[in-house]
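Read the structure below first, then the notes.
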Amino acid sequence: MVVKNVVNEVMNGCFPIHNKEASTRILALLAFNEIGVEQGISTLKHLNKTSACTRIFAEEGYFSFGKLHSFIELSENDDWTPVDHFTKEIEDEFDQLFIPVASFSLVSELVHFFDSRPLARIIQRSLLKGIKVTMVEDIVNPYSQSIRERDWDKGTSFLKNELFNQIKKLQGFGVTLIHSDQVKSYFQRQTAGRRALLTEEEVIKANRNHQIEIFLSSGTLITPLARDTARNLGIRLTLR
């Protein structure tokens with residue numbers, strides 16, 4: 001119940017239901033993997049420097065090993081939720097999907113249309129709806145530097161070609177593949193020219209949801225009425 005309430009509060013603050021132009025809303029999905037986790041998570045901090053509002057949904061492994069605090073610090077984002085708590089309301093409110101940490105198994109499930117895994121179902125539905133999906137390829141491209149550094153490139157040519165063909169199929173499905181060092185410039189281009197807007201309506205909505213603080217992305221425009229209403233209701237407006 002506590003987790004559900006927190007999820008709803010953050011969703012209402014970051015993903016305004018009635019103002020779909022408020023900001024670029026990015027849903028970040030993290031597959032659990034043995035390699036590349038820190039590298040992938042660290043790319044999330046670049047999204048904080050854009051006008052985007054980012055929510056992070058991760059597989060259970062991220063919450064089971066006592067490292068969640070370090071992941072939050074690495075991503076510079078404390079909005080982490082188990083993917084099992086993903087809801088239809090959240091799905092309807094994001095503009096694009098970002099996968100900073102993928103895995104060979106996730107790619108295989110997507111390519112073969114398996115949908116028993118929550119992460120795969122969310123991505124598949126997004127592609128079917130025409131939602132933009134972007135994936136960091138470092139640890140799912142068998143020819144990448146990240147794979148070579150971990151000595152995971154010693155398999156047969158046939159194996160590596162099969163794995164590479166899988167991510168090429170993903171591109172055919174509409175998934176954009178980028179390298180981790182391209183994330184910053186990529187999302188700066190994606191969000192350029194879009195500025196978030198906080199209105200009186202959203203402040204009132206936050207008050208109804210018992211929020212005492214609204215987090216704003218850099219460059220957010222605040223209407224005078226929204227600022228006055230927040231002051232009168234005792235709601236803090238915090239830049240992050």
Side-chain angles (χ1 to χ4, degrees), residues 2-32 37 40-63 68-102 106 117-127 129 131-136 175-176 183-184 186-188 190-191 194-198 202 205-206 209 211 213-220 238-240:
V2 173
V3 172
K4 183 177 180 181
N5 289 339
V6 171
V7 169
N8 288 336
E9 287 179 11
V10 174
M11 181 185 73
N12 290 331
C14 186
F15 284 50
I17 293 175
H18 299 297
N19 187 3
K20 294 183 182 295
E21 298 302 322
S23 65
T24 300
R25 294 170 289 268
I26 299 175
L27 184 68
L29 297 179
L30 277 67
F32 192 67
V37 169
I41 291 175
S42 66
T43 65
L44 290 167
K45 64 187 177 186
H46 298 309
L47 276 61
N48 299 333
K49 298 175 176 61
T50 70
S51 62
C53 181
T54 306
R55 297 208 55 200
I56 302 169
F57 280 78
E59 293 191 309
E60 183 60 34
Y62 289 94
F63 301 88
L68 182 58
H69 181 70
S70 64
F71 294 151
I72 289 174
E73 288 187 340
L74 196 58
S75 64
E76 298 181 6
N77 187 329
D78 61 1
D79 184 5
W80 283 66
T81 308
V83 72
D84 290 341
H85 292 281
F86 190 81
T87 67
K88 180 66 166 59
E89 289 77 14
I90 297 172
E91 181 175 349
D92 290 340
E93 291 302 325
F94 66 84
D95 299 309
Q96 56 180 293
L97 197 154
F98 177 48
I99 309 162
V101 183
L106 176 63
R117 187 175 183 173
L119 219 60
R121 288 199 300 272
I122 296 169
I123 297 168
Q124 289 165 353
R125 288 198 299 264
S126 298
L127 290 170
K129 291 179 180 179
I131 300 294
K132 187 173 187 61
V133 178
T134 305
M135 177 184 290
V136 172
V175 177
T176 299
V183 171
K184 181 178 180 179
Y186 177 81
F187 280 102
Q188 283 177 338
Q190 290 291 311
T191 59
R194 299 190 65 179
R195 301 188 71 182
L197 176 68
L198 182 70
E202 285 150 10
K205 187 184 186 77
N209 287 304
Q211 289 178 246
E213 189 170 16
I214 296 176
F215 292 98
L216 306 173
S217 59
S218 177
T220 298
T238 303
L239 183 68
R240 73 171 183 180

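With Asp92 as the fixed residue, the salt bridge (charged side-chain N to carboxylate O under 4.0 Å, His left out) test singles out one of Lys129, Arg125, Arg25: Lys129.
When all heavy atoms of Gly40 and Val101 are compared, the pair lying nearest together is CA-CG2, 3.8 Å. Of all the heavy atoms in Ile131 and Gln96, the pair that sits closest is CG2-CA, 3.8 Å. Across all non-hydrogen atoms, the minimal contact from Asn48 to Ser75 is ND2-O, 3.4 Å. Contact detail for Pro100 and Phe98: the closest heavy-atom pair is CD-O, 3.4 Å. Contact detail for Val136 and Val183: the closest heavy-atom pair is CG2-CG2, 3.9 Å. Between Ile214 and Gln211 the shortest heavy-atom distance is CG1-NE2, 4.5 Å.
From Glu93, atom CD reaches atom CG of Leu27 across 11.5 Å, with rounding to the nearest 0.5 Å. Note: Met135 CE to Ile123 CD1 = 5.5 Å, rounded to the nearest 0.5 Å. How far OG1 of Thr81 is from CZ of Arg55: 4.5 Å, rounded to the nearest 0.5 Å. Rounding to the nearest 0.5 Å gives a distance of 11.0 Å between CZ of Arg117 and CD1 of Ile122. Note: Glu73 CD to Ile41 CD1 = 12.0 Å, rounded to the nearest 0.5 Å. Leu30 CG to Phe71 CZ: the interatomic distance, rounded to the nearest 0.5 Å, is 9.0 Å.
Annotation: side chain of Phe94 is in contact with side chain of Ser126 (closest heavy-atom distance under 4.5 Å). Residues Lys132 and Leu97 fail the side-chain proximity criterion, which asks for heavy atoms closer than 4.5 Å.
Using a distance-only test at 3.5 Å, with no hydrogens or angles considered, no donor-acceptor pair links the side chain of Asp95 to the main chain of Ile26. When atom types are taken as modelled, the side chain of Glu59 and the backbone of Phe32 share a donor-acceptor pair closer than 3.5 angstrom.
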query = Should Ile99 and Val133 be marked as a side chain to side chain contact (heavy atoms under 4.5 Å, CB included) after you check the CA-CA gap, both sets of side-chain angles, and the distance that decides it?
reply = CA-CA 8 Å; Ile99 309 162; Val133 178; 4.0 Å; yes
ask   = Does the side chain to side chain contact (heavy atoms under 4.5 Å, CB included) test come out yes or no for Thr176 and Thr134, once each step is laid out?
value = CA-CA 5 Å; Thr176 299; Thr134 305; 4.1 Å; yes
query = Taking it one step at a time, do Tyr62 and Val37 satisfy side chain to side chain contact (heavy atoms under 4.5 Å, CB included)?
reply = CA-CA 10 Å; Tyr62 289 94; Val37 169; 3.5 Å; yes
request  = Run the numbers on Leu119 and Leu106 for side chain to side chain contact (heavy atoms under 4.5 Å, CB included), then give the verdict.
outcome  = CA-CA 8 Å; Leu119 219 60; Leu106 176 63; 4.0 Å; yes
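Remark: Gln124 engages no residue in a side-chain hydrogen bond (donor to acceptor under 3.5 Å, both in side chains) (not counting sequence neighbours).
Phe86 and Phe57 have perpendicular rings, their planes meeting at more than 60° on a 0 to 90° scale where under 30° would count as parallel.
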